[in-house]
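Order of listing sets the numbers, starting from 1, for every ligand and every atom in it. All values reported here derive from a predicted model rather than from experimental measurement.
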Amino acid sequence: MASNVSEARQVAFIDLEAQQARIRPQIDAAIKRVLDHGQYIMGPEIAEFEGALAALTGAKHVISCASGTDALLIGMMALGLKPGDAVLCPGFTYTATPEAIALLGATPIFIDVDEDDFNLDPDNIAAGIAVAKEKGLNPVGLIAVDLFGLPADYDAIRAAAGDMWIMADAAQSLGASTATGKVGTFGTITATSFFPAKPLGCYGDGGAILTDDANLAAICESIRLHGRSTVDKYDIERIGVNGRLDTLQAAILLQKLAIFEEEIELRQAVARRYNDALADVAQVPVIWDDAVSVWAQYTLKVPAHRRDAVMTALKAKGVPTAVYYPRPLHHQGAYRHYPFTGNGLPVSEGLSSEVMSLPMHPYLAEDEQHYIIACVREALETA
Ligand SMILES: *Cc1c(COP(=O)(O)O)cnc(C)c1O
């Protein structure tokens with residue numbers, strides 16, 4: 001079959017090298033400063049980075065930690081999660097979201113997501129609470145995930161959640177905002193990740209806990225450091241974890257933070273070009289009025305029976321794609337025995353076989369993007 005797309009190229013799914021090339025001297029100098037002062041654990045860059053993140057997000061307290069998963073764990077330890085408690089969470093998310101709930105002996109209850117923005121559907125919260133009560137569990141909180149970089153509908157979630165706490169899993173959405181505020185201020189506690197491929201990534205694992213609640217912040221700070229008192233370091237007040245962020249990672253993150261807001265702008269241009277060029281051949285991501293996504297992923301919905309063929313055709317053209325997530329969590333072996341609402345989660349199940357993410361990063365050149373767009377259009381029309 002004749003191809004509209006002539007010369008084949010190889011495109012990066014996420015291009016961390018382009019970013020590194022841009023700020024390499026600053027990164028090298030920041031690493032050198034840490035090697036020179038030698039304070040590898042809780043060095044001065046930690047407090048500096050936490051302060052910078054508070055300034056960026058407007059959160060009153062920022063506690064850096066070892067990963068996004070640890071941020072969820074430490075946050076829910078601080079909230080006192082325990083066996084007999086239930087926490088609602090979406091069925092369509094990364095496996096780390098429900099992990100800490102189960103690790104703390106509580107019960108995740110999976111509820112369905114919205115078919116347009118893929119985030120937790122506030123209309124399903126009441127059903128999740130009812131399931132918890134039927135099982136004799138105490139519904140204490142919920143985790144809302146800002147999937148692919150777009151904040152969940154926190155106003156509606158808060159209204160439906162009553163007196164339950166809200167943990168915002170913002171691993172993919174740091175830097176995003178809505179008409180009512182910035183990510184980091186929506187949940188009782190917000191957890192984020194600096195895994196290298198996230199919008200703000202370090203060169204290893206890292207994460208942070210953000211909250212406006214001074215009491216919860218002090219407890220998180222203590223838990224991060226083996227539960228020790230924040231006033232007397234020889235006094236162990238509670239069971240904690242070793243959950244610190246490395247000084248080296250904080251030093252690297254400070255350099256990346258300096259260009260982060262500009263990168264968020266660059267991501268908007270990339271997403272806009274995709275949306276304009278693909279809306280007539282696939283279901284493109286929705287963006288609510290006045291919301292700014294950070295586009296951790298740019299994800300299309302394509303017909304389930306054609307997705308594999310489309311992905312194979314794109315791979316042959318040097319255009320990588322990925323499926324986040326190929327299976328909803330209530331179908332995963334480790335989580336199958338936990339409760340979910342209704343007879344299943346039809347939207348989560350459908351999305352698992354329809355979603356396809358395209359290359360997305362701030363340094364995607366316009367000509368490169370035109371190539372991707374041409375390949376996607378061709379694959380959708382012929383594959
Ligand atoms: C990446 C991610 C996490 C976990 O972050 P890590 O830093 O890899 O531990 C949690 N939730 C979601 C939605 C994620 O995408």
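Here Asp85 pairs with Lys82 in a salt bridge; the nearest charged N to carboxylate O distance falls below 4.0 Å. A salt bridge is defined here as a Lys NZ or Arg NE, NH1 or NH2 lying under 4.0 Å from an Asp or Glu carboxylate O, and Lys32 with Asp28 fails to meet this definition.
Arg267 places a side-chain N or O within donor-acceptor distance of the main-chain N or O of Trp295, the cut-off being under 3.5 Å. Side chain of Asp146 to main chain of Ala152: a donor-acceptor pair is present (N/O by atom type, distance under 3.5 Å, no hydrogens or angles).
Applying the 4.5 Å side-chain rule to ILVMFWY residues, one finds Phe110, Leu329, Tyr335, Tyr338, Phe340 in the same cluster as Leu345.
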Can you list every pair where an N/O of ligand 1 is under 3.5 Å from an N/O on the protein?
residue, atom, partner, partner atom, Å
ligand 1, 5 (O), Ser193, OG, 3.4
ligand 1, 7 (O), Gly68, N, 2.7
ligand 1, 7 (O), Ser193, OG, 2.6
ligand 1, 9 (O), Gly68, N, 3.3
ligand 1, 9 (O), Thr69, N, 2.8
ligand 1, 9 (O), Thr69, OG1, 2.5
ligand 1, 11 (N), Asp169, OD1, 3.2
ligand 1, 11 (N), Asp169, OD2, 2.8
ligand 1, 15 (O), Gln172, NE2, 2.7
ligand 1, 15 (O), Lys198, NZ, 2.7

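Cation-pi geometry between Arg9 and Tyr371 is satisfied (NZ or CZ under 6.0 Å from the ring centre, within 45° of the ring normal).
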